[in-house]
Amino acid sequence: MNQSEWPLWEVFIRSKQGLDHKHVGSLHAADATMAVQNARDVYTRRLEGVSIWVVESKHIHASNPDDSEAFFDPAADKVYRHPTFYEVPDSIKHM
Amino acid sequence: METLEKVLTPEEQFQARIDADVRIEPKDWMPDAYRKTLIRQISQHAHSELVGMLPEGNWITRAPSLKRKSILLAKVQDEAGHGLYLYSAAETLGTTRDQMLADLHSGKAKYSSIFNYPTLSWADMGCVGWLVDGAAILNQVPLCRTSYGPYARAMVRVCKEESFHQRQGFEVMQTLCEGAPVQKEMAQEALNRWWWPTLMMFGPKDADSPNTAQSMNWRIKRFTNDELRQKFVDMMVPQAEFLGLTVPDPAVKWNEERQAYDFGEVNWDEFWAVVKGNGLCNHERLQARVQAHEDGAWVREAANAHAAKRAAREAVAA
Ligand SMILES: [Fe+2]
Ligand SMILES: [Fe+2]
């Protein structure tokens with residue numbers, strides 16, 4: 001029965017010029033053309049987008065949530081990467 | 001500095017995240033029971049969107065004007081989209097679309113009983129939008145904050161589209177109520193038919209809903225059935241009054257002390273009978289659904305064949 005199921009695609013939509021494409025959901029389609037058309041019909045019925053990307057779900061590689069603590073750990077102790085780490089004298093403007 | 005921390009079991013860590021309102025995402029660890037309960041809940045919800053198209057689809061060709069027909073078409077199309085959002089959310093938990101549809105078609109999976117009632121007149125289109133979508137909204141808005149990320153995001157999308165559904169239904173009712181006496185009578189009859197089944201949409205009484213406590217703990221349910229039913233009555237009675245219609249329940253009365261409406265008891269025998277498959281349209285709805293799926297089989301196969309042919313041609317060209 002499962003062979004009949006069309007592949008799964010992830011859908012990304014640019015809501016207006018100048019903004020990033022954002023993940024909005026997924027759908028099944030036989031091929032990329034159909035995936036784009038179906039994405040238009042399901043995810044942009046109210047002018048939610050000006051551009052659509054589709055990627056077959058099997059091509060997406062992700063970080064592993066079980067490792068996320070160790071994986072993102074290098075960024076955890078570097079407060080000096082943020083401007084708020086630095087004290088600017090009150091009399092200094094425009095910084 | 002070392003602190004003495006009690007080692008938490010995976011279940012305890014999971015519950016702690018939920019208690020802290022941290023969303024659970026597809027690849028995160030989750031208890032089996034959470035996964036199973038969610039698959040059942042989300043797929044049932046998806047099935048309801050899908051089957052829910054049938055009673056309204058019944059009126060598309062007979063809508064009283066081109067405007068009403070366009071609106072109804074748009075609404076039914078939205079419901080198909082809602083089904084898709086929800087099936088997709090359920091699929092992230094490890095089930096497949098084919099499996100869910102097979103369960104729906106075999107009768108193993110349930111969908112909302114409300115769609116097992118017939119839509120006899122045009123006024124029923126008003127009542128479905130106004131009451132049924134109104135009840136659905138009450139159910140769905142709190143689910144925008146549910147603990148499972150993909151489900152919550154699907155619900156945000158659904159809720160954005162849902163409010164037009166209720167407004168167009170109310171407008172149908174209002175137009176009928178401001179029309180000829182026979183039209184108003186039609187509106188009242190539809191309300192008489194739909195009021196009680198809509199109250200049943202919130203499910204059994206809290207006392208008969210043993211899974212509510214666990215679901216509330218997991219934040220996949222945020223209000224109890226009785227709480228939502230009360231909210232619905234409080235919301236709808238004044239709207240019916242505005243329309244000049246009477247809710248078919250002589251027990252409906254404002255309770256000053258509770259700051260809420262008292263109302264009568266739902267006919268629970270009818271509720272369970274419809275849930276068990278003995279409603280007016282259970283058979284017809286399932287048959288229509290299976291028929292549509294079977295009639296579409298050649299389209300699905302043809303699209304697969306076309307995609308394979310195109311992929312082969314592109315492989316040669318490359
Ligand atoms: Fe819906
Ligand atoms: Fe709706």
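Residue numbers start from 1 in every chain, and the chains themselves are labelled A, B, ... in the order their sequence lines are given, proteins ahead of strands.
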Checklist entry - Are T33(A) and R310(B) close enough that some pair of their side-chain heavy atoms sits under 4.5 Å apart? => result yes
Next on the checklist: Atom CG of residue position D20(A) - does it have more than 12 heavy atoms of other residues, nucleotides or ligands inside 6.0 Å?
Outcome noted: no
Next on the checklist: Is any side-chain heavy atom of R46(A) closer than 4.5 Å to one of D78(B)?
Outcome noted: yes
Next on the checklist: Looking at every non-hydrogen atom in both residues, tell me the closest pair between A30(A) and A303(B) and how far apart they are.
Outcome noted: CB-O, 3.5 Å
Next on the checklist: Measuring from atom CZ of R97(B) to atom NE2 of H28(A), what distance do you get when rounded to the nearest 0.5 angstrom?
Outcome noted: 4.0 Å
Next on the checklist: I need the K27(B) NZ to S63(A) OG distance, nearest 0.5 Å.
Outcome noted: 9.0 Å
Next on the checklist: Can you tell me how far apart CG (L27(A)) and OH (Y87(B)) are? Round to the nearest 0.5 Å.
Outcome noted: 15.0 Å
Checklist entry - Does atom NZ of K16(A) have more than 12 heavy-atom neighbours, drawn from other residues, nucleotides or ligands, at distances under 6.0 Å? => result no
Next on the checklist: If I measure from the heavy atoms of chain A, does E25(B) come under 4.5 Å with its side chain, its backbone, both, or neither?
Outcome noted: neither
Next on the checklist: Show, in sequence, the C-alpha distance, side-chain angles and deciding distance for H23(A) and R153(B), and conclude whether the side chain to side chain contact (heavy atoms under 4.5 Å, CB included) test is met.
Outcome noted: CA-CA 11 Å; H23(A) 183 243; R153(B) 293 192 285 275; 5.8 Å; no
Item to check | Heavy-atom proximity to chain A below 4.5 Å, by part of R157(B) | outcome: side chain
Checklist outcome for this item: Max heavy-atom pairs within cutoff under 4.5 Å with chain A, candidates G81(B), S88(B), P150(B), goes to S88(B)
Item to check | Region of E161(B) that comes under 4.5 Å of a non-hydrogen atom in chain A | outcome: both
Checklist outcome for this item: Minimal heavy-atom distance between R300(B) and W6(A), with the atoms involved, is O-NE1, 3.2 Å
Next on the checklist: Atom CZ of residue position R222(B) - does it have more than 12 heavy atoms of other residues, nucleotides or ligands inside 6.0 Å?
Outcome noted: yes
Next on the checklist: Could you walk me through whether L8(A) and E91(B) satisfy the side chain to side chain contact (heavy atoms under 4.5 Å, CB included) test, starting with their C-alpha distance in whole Å, then the side-chain angles of each, then the deciding distance to 0.1 Å, before giving a yes or no?
Outcome noted: CA-CA 10 Å; L8(A) 189 67; E91(B) 281 169 89; 4.0 Å; yes
Checklist entry - Is there side-chain contact between Y43(A) and L84(B), with heavy atoms separated by less than 4.5 Å? => result yes
Item to check | Chi angles and distances behind the salt bridge (charged side-chain N to carboxylate O under 4.0 Å, His left out) call for K309(B), D31(A) | outcome: CA-CA 11 Å; K309(B) 200 171 80 181; D31(A) 58 22; over 6 Å; no
Checklist outcome for this item: Closest heavy-atom pair, E5(A) versus D98(B), reported as atoms and distance to 0.1 Å, is OE1-N, 2.7 Å
